[in-house]
Every structure is written in C-alpha cells, then in structure tokens.
Asker: 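Here it is, the structure in full.
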Amino acid sequence: MFLEAVVFSVSLLCLIFITRLYVVVKTGSKHKPGSKGPVTVLVVAGSGGHTTEILRLMESLSAAYTPRHYVIADTDRMSEEKIYAFESSKGQSQSQSQSQSQSQSQSQSQSQSQFTICRIPRSREVHQSWSSSVVSTLKALQHSLPLVFTLRPDMVLCNGPGTCVPLCAAGLLLGILGIKRVLIVYVESICRVHSLSLTGRILYPLSDYFFVQWSSLRDRYPKSIFLGRIV
C-alpha cells in the first residue's frame, strides 16, 4: 500500500511538472520582458567561434539590455578577454554620447557595473564520452541553478555551447515554479547549415525564439526564424 502511494505521488508530481513545462513553453511567445524597463540578460558564451558570434549579436542590442551577465565555462580563458574588450569598446561608445561634463572615469565605472562574468563547470568537453558527459552536465546544472535563481534574468541568450543547456533548464525551472518567466532565445551557430547541433536539437522545442543563419535550416525546422549571417 505504501509503495502504491509513493508511485502515485511521484506520478502526480511528474504530471504536474510536465503540465507546467508545457504551459510555460506555450505561453512564452506572449511574454515581453523589458516592456516596463531594462532587460536583465544572461549571455552564455562558449569558446572560440561561439563567443565571437554571441558578441557580434550583442552589438545589435540596445542599451535597454542591461545588466548583462556573461556565463563562461571554468576552463575557458579566451572568452573572458574578448568580453572585457567588447564591454570596454561598448563603454567608450556610450561615453562619447554622454554629456562632456561627465568624467571618463565615471563613465567607465558605470559601464563596468552593467555587466558581470560568471563561471560554471563545462557540460561537455570536446571529444568527451557521452557517459561521462552525463555526470559533468549534472555538475554544471548544480552550479547553474543557484546562479540563475540569484540573478533571475529576464532572458537567456545562447548560441550553441553545451554549457547553455543547464542554464536554460534552470531558467525554465523558474517559470515552472512560478517564480519568474524567463525568455529562452537560441541562435544556432553559422556552422550548422543542414542540421541542428545537439544543443539546438535539445532546445528547439523549449526555446521561445529559435534563430538560424541558413535558409535550409528554416525550411527543415518550421519553428525557426531565419536571421541571416551574423558574421
């Protein structure tokens, strides 16, 4: 009798969870973050080309997308330098449009306060076995949950690195628990011409906006939005 009660309770919880997930995903397109103010954005930077693409995309975002919280893998050293260079350039551009009576040091201080860089364990290294990647992904999720629950972003922006999967899962969980609706925006890498990456296949049904850079992918995946080439 006790075992039956446990099975029933677990089944009921799973049903509630799946129902909430369905509701959160289906109502996502109606959610407009930042309609009443700035948009807190969590930006997932991969390594190499992923970081270059995501920063190129960030160039087109307005000043309303602030603060910006960049998340990189703990083994990634190059992305941090690229982010600091990008934000420094962004800060200089903003300071040129400000009143000349405001000092440059104040402008740099304000620019610095508008972004942070956080690190989490990488979900999967290149050529890592699938069996061991399950453990590393769970470890990344363990670090992603408290990070996302603390930052509570309005939007998660990512473009393919495996690190973004646990972060998107944490963002969805915020909505499932009724804490905050987080918009999931995914941009498939320019390298994917005819098929989606593994990360893309995972997030395709879960993302609110799914952008591709090749028309051939748009034809295969009707939910996707053809963005054109970023770089």
Side-chain angles (χ1 to χ4, degrees), residues 33-34 36-98 102-123 137 139-175 179-187 199 203 207-209 230:
K36 297 182 180 180
V39 180
T40 301
V41 55
L42 190 153
V43 186
V44 187
S47 57
H50 284 300
T51 299
T52 300
E53 283 188 12
I54 205 71
L55 292 180
R56 181 64 63 87
L57 184 62
M58 292 293 293
E59 290 177 355
S60 62
L61 297 184
S62 69
Y65 291 85
T66 183
R68 298 173 294 280
H69 301 290
Y70 295 91
V71 181
I72 61 178
D74 54 4
T75 57
D76 186 358
R77 296 292 176 261
M78 297 182 62
S79 293
E80 184 173 2
E81 298 177 3
K82 292 181 179 180
I83 293 169
Y84 274 116
F86 168 76
E87 286 292 338
S88 177
S89 175
K90 188 180 184 69
Q92 291 175 3
S93 299
Q94 291 177 348
S95 65
Q96 290 175 359
S97 64
Q98 292 173 342
Q102 184 179 26
S103 68
Q104 185 176 0
S105 61
Q106 288 176 324
S107 300
Q108 290 175 345
S109 176
Q110 288 181 356
S111 176
Q112 179 71 17
S113 65
Q114 291 177 346
F115 79 97
T116 62
I117 298 178
C118 310
R119 292 182 178 274
I120 65 170
R122 190 185 294 271
S123 296
T137 299
K139 183 179 179 181
L141 181 61
Q142 181 183 2
H143 287 75
S144 299
L145 288 172
L147 177 63
V148 173
F149 274 56
T150 300
L151 297 177
R152 297 194 180 186
D154 296 303
M155 181 177 78
V156 175
L157 176 63
C158 52
N159 70 330
T163 305
C164 70
V165 174
L167 291 165
C168 290
L172 287 171
L173 187 58
L174 278 178
I179 298 174
K180 184 177 184 178
R181 181 65 175 87
V182 179
L183 203 67
I184 306 297
V185 180
Y186 182 85
V187 183
T199 305
L203 295 180
S207 59
D208 298 287
Y209 295 96
I230 298 176

Asker: What distance separates Tyr70 OH from Phe86 CZ, expressed to the nearest 0.5 Å?
Answerer: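 Spacing of OH (Tyr70) from CZ (Phe86) equals 4.5 Å.
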
Asker: Quick one: CG on Leu172 to CG on Leu167, what's the gap to the nearest 0.5 Å?
Answerer: 11.0 Å

Asker: Nearest 0.5 Å, what's the SG-OH distance between Cys164 and Tyr186?
Answerer: 6.0 Å

Asker: To the nearest 0.5 Å, how far apart are CG in Leu42 and SG in Cys158?
Answerer: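 Taking CG in Leu42 and SG in Cys158, the distance rounds to 9.0 Å.
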
Asker: So which heavy atom on Pro38 is nearest to which on Asp154, and how close?
Answerer: O-OD2, 3.8 Å

Asker: Any idea which heavy atoms bring Val156 and Pro153 closest together, and the distance?
Answerer: CG2-CG, 4.4 Å

Asker: Once you round to the nearest 0.5 Å, how far does SG of Cys168 lie from CG of Leu183?
Answerer: 10.5 Å

Asker: With Ile72, which of Thr163, Val43, Ile120, Ile83 fulfils side chain to side chain contact (heavy atoms under 4.5 Å, CB included)?
Answerer: Ile83

Asker: Return the CZ to CD distance between Arg68 and Glu87, rounded to the nearest 0.5 Å.
Answerer: 4.0 Å

Asker: Please evaluate residues Lys82 and Leu55 with respect to the criterion side-chain contact (heavy atoms from CB on, under 4.5 Å), reporting the C-alpha separation (whole Å), side-chain torsions for both, the decisive distance (0.1 Å), and the verdict.
Answerer: CA-CA 8 Å; Lys82 292 181 179 180; Leu55 292 180; 3.9 Å; yes

Asker: Please enumerate all residues that pass side chain to side chain contact (heavy atoms under 4.5 Å, CB included) together with Ser62, with sequence neighbours excluded.
Answerer: Ala64, Tyr65

Asker: Keeping the roles fixed (side chain from Ser60, backbone from Leu57), state whether a donor-acceptor pair exists under 3.5 Å.
Answerer: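 Such a contact is found between Ser60 side chain and Leu57 backbone.
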
Asker: For the pair Glu53 and Val187, evaluate side-chain contact (heavy atoms from CB on, under 4.5 Å) and give the outcome as yes or no after the intermediate values.
Answerer: CA-CA 9 Å; Glu53 283 188 12; Val187 183; 5.7 Å; no

Asker: What are the two closest heavy atoms between Ser144 and Ala170, and how far apart are they?
Answerer: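 What the structure gives for the nearest pair is O-CB, 4.0 Å.
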
Asker: Closest heavy-atom contact between Ile179 and Phe149?
Answerer: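 That would be CD1-CE2, 3.8 Å.
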
Asker: Closest approach of Leu157 and Leu61, non-hydrogen atoms and distance?
Answerer: CD2-CD1, 4.3 Å

Asker: Are any side-chain N or O atoms of Asp208 and backbone N or O atoms of Val185, one a donor and one an acceptor, separated by less than 3.5 Å?
Answerer: no

Asker: List for me each residue that meets salt bridge (charged side-chain N to carboxylate O under 4.0 Å, His left out) alongside Lys139, sequence neighbours excluded, and say none if there are none.
Answerer: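 Testing Lys139 for salt bridge (charged side-chain N to carboxylate O under 4.0 Å, His left out), a comparison that skips the adjacent residues, returns none.
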
Asker: Of the non-hydrogen atoms in Val165 and Thr199, which two are nearest, and what is the gap between them?
Answerer: CG2-CG2, 3.7 Å

Asker: Can any side-chain N or O of Asp74 pair as donor or acceptor with the backbone N or O of Arg119 at less than 3.5 Å?
Answerer: no

